Amino acid sequence: MQISARGDYAVRATLSLAAAYPSLLSTQAISAEQDMPRKFLEAVLADLRRAGIVRAQRGAEGGYALARPPREVTVGAVLRAAEGPLAGVRGMRPEETQYEGVAAHLPQFWVAVRAALRRVVDEVSLADLVDGRLPAHVRRLTTLPDAWEPR
């Protein structure tokens with residue numbers, strides 16, 4: 001899985017909003033705290049607003065806030081709002097793929113890959129990350145011998 005700058009910024013911005021919840025934060029405050037370009041952040045926040053992840057308030061005291069408590073917003077929801085489906089194969093969903101011959105069972109594999117990814121991103125909330133309390137099964141993944149080694 002490749003996380004684009006858009007997805008990374010979306011997660012980081014929502015973490016800032018989670019830490020401040022339920023208060024509003026300006027795009028200027030988020031961009032300064034997270035060291036990201038304000039114009040790009042505004043576009044990301046617009047996507048998150050359309051997806052119902054954040055809410056915007058206009059005016060001198062305006063800004064952005066999470067639309068729901070941080071415990072109710074998963075990293076997966078944020079990534080989908082910013083980037084679309086989590087796992088795609090040539091622009092298709094894994095269950096839509098179909099192959100012949102020796103690759104006939106590949107759709108099952110693609111679905112399993114997506115399921116494994118969901119077990120992490122859909123089971124970790126913004127509150128979990130802000131508090132540094134990852135679910136046990138996610139924490140265990142980080143302790144595997146080769147987890148931190150590039151391949």
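Just so we're clear, the structure is a prediction, and the values are computed from it rather than from any experiment. Index from 1, following the sequence. No hydrogens, no waters, no symmetry mates; every other heavy atom, side chains included, goes into these values.
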Could you pull out the closest heavy-atom pair between Pro107 and Pro94, with the gap in Å?
-> CB-O, 4.2 Å
Got more than 12 heavy atoms from elsewhere within 6.0 Å of CD, Gln57?
->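 Yes, CD of Gln57 has more than 12 neighbouring heavy atoms, counting only those of other groups under 6.0 Å.
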Just jot down the salt bridge (Lys or Arg N to Asp or Glu O under 4.0 Å) partners of Arg71, sequence neighbours excluded, or say none.
->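 Counting only residues at least two positions away or on another chain, Arg71 forms a salt bridge (Lys or Arg N to Asp or Glu O under 4.0 Å) with Asp128, Asp131.
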If you round to the nearest 0.5 Å, how far is CD of Glu42 from OH of Tyr64?
->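 Those atoms lie 6.5 Å apart.
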Identify every side-chain donor-acceptor pair in residues 83-91 under 3.5 Å, counting partners at least two apart or on other chains, and give the distances.
{"unit_1": "Glu83", "atom_1": "OE1", "unit_2": "Ser4", "atom_2": "OG", "d": "3.2"}
{"unit_1": "Glu83", "atom_1": "OE2", "unit_2": "Ser4", "atom_2": "N", "d": "3.3"}
{"unit_1": "Glu83", "atom_1": "OE2", "unit_2": "Ser4", "atom_2": "OG", "d": "3.3"}
{"unit_1": "Glu83", "atom_1": "OE2", "unit_2": "Gly7", "atom_2": "N", "d": "3.3"}

Between Val73 and Ile53, is a side-chain contact (heavy atoms from CB on, under 4.5 Å) present by the stated rule, with each step listed?
-> CA-CA 7 Å; Val73 182; Ile53 305 281; 4.0 Å; yes
Go through the structure and list residues passing ring pair (Phe, Tyr, Trp, His ring centres under 6.0 Å) with Phe109, not counting sequence neighbours.
->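 Ring pair (Phe, Tyr, Trp, His ring centres under 6.0 Å) list for Phe109, sorted by chain: empty.
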ILVMFWY cluster, Val121 and Leu129 together (side-chain gap under 4.5 Å) = yes
With clusters built from Ile, Leu, Val, Met, Phe, Trp and Tyr whose side-chain heavy atoms come within less than 4.5 Å, directly or transitively, what are the remaining members of the cluster of Val111, listed by chain and number?
->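 Via sub-4.5 Å side-chain contacts, Val111 links to none.
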Can you name the nearest heavy-atom pair linking Pro22 to Ala65, along with the distance?
->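 Closest pair (atom of Pro22, atom of Ala65, distance): O-CB, 4.0 Å.
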Can we say Asp122 and Arg80 salt-bridge, meaning some charged N sits less than 4.0 Å from an Asp/Glu carboxylate O?
-> yes
Quick one: side chain to side chain donor-acceptor pair (under 3.5 Å) pairs with a partner in residues 13-31, sequence neighbours left out?
->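 Output for this query lists Ser16-Glu33, Ser16-Gln34, Thr27-Arg38.
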Among all residues two or more places apart in sequence or in another chain, which pass the side chain to side chain donor-acceptor pair (under 3.5 Å) test with Glu123?
-> His137
Gap between atom CZ of Arg114 and atom CD of Glu95 - 0.5 Å precision = 4.0 Å
Is Val120 reachable from Leu79 through a run of I, L, V, M, F, W or Y residues, each pair having side-chain heavy atoms under 4.5 Å apart?
->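 Leu79 clusters together with Val120.
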Between Leu41 and Leu24, is there a shared hydrophobic cluster once you connect ILVMFWY residues whose side-chain heavy atoms come closer than 4.5 Å?
->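 No.
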Please, which pairs that meet ring-ring contact (aromatic ring centres under 6.0 Å, His included) have at least one residue in residues 38-59, sequence neighbours excluded?
-> Tyr9-Phe40
Tell me, please, which residues at least two apart from Arg6 pass side chain to side chain donor-acceptor pair (under 3.5 Å).
-> Asp47
Looking only at heavy atoms, which two atoms of Arg49 and Ala56 are closest? And how far apart?
->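 Scanning both residues completely, I find the closest heavy atoms to be CD-CB, 3.8 Å.
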Name every donor-acceptor pair, under 3.5 Å, that has one atom in a side chain of residues 138-145 and the other anywhere in the protein, sequence neighbours excluded.
{"unit_1": "Arg139", "atom_1": "NH1", "unit_2": "Leu134", "atom_2": "O", "d": "2.6"}
{"unit_1": "Thr142", "atom_1": "OG1", "unit_2": "Arg139", "atom_2": "O", "d": "2.6"}
{"unit_1": "Thr143", "atom_1": "OG1", "unit_2": "Arg140", "atom_2": "O", "d": "2.7"}

What do you reckon, is CZ of Arg12 surrounded by more than 12 foreign heavy atoms closer than 6.0 Å?
->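 Atom CZ in Arg12 is crowded, with more than 12 foreign heavy atoms closer than 6.0 Å.
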Listed partners of Ala18 passing side chain to side chain contact (heavy atoms under 4.5 Å, CB included), at least two apart |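 For Ala18 the side chain to side chain contact (heavy atoms under 4.5 Å, CB included) partners, ignoring immediate neighbours, are Leu66, Pro70, Leu126, Val130.
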Which distance, rounded to the nearest 0.5 Å, do you find between the CD1 of Ile30 and the CG of Leu45?
-> 5.5 Å
Any side-chain heavy-atom pair of Val75 and Val11 under 4.5 Å | yes
Hey, could you give me each pair passing ring-ring contact (aromatic ring centres under 6.0 Å, His included) that has a residue in residues 74-103? Not counting sequence neighbours.
->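 Not a single pair qualifies under ring-ring contact (aromatic ring centres under 6.0 Å, His included).
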Cluster companions of Met92 among Ile, Leu, Val, Met, Phe, Trp, Tyr (side-chain spacing under 4.5 Å) | none
State plainly whether one hydrophobic cluster holds both Val78 and Leu117, where clusters connect Ile, Leu, Val, Met, Phe, Trp and Tyr through side-chain heavy atoms under 4.5 angstrom apart.
-> yes
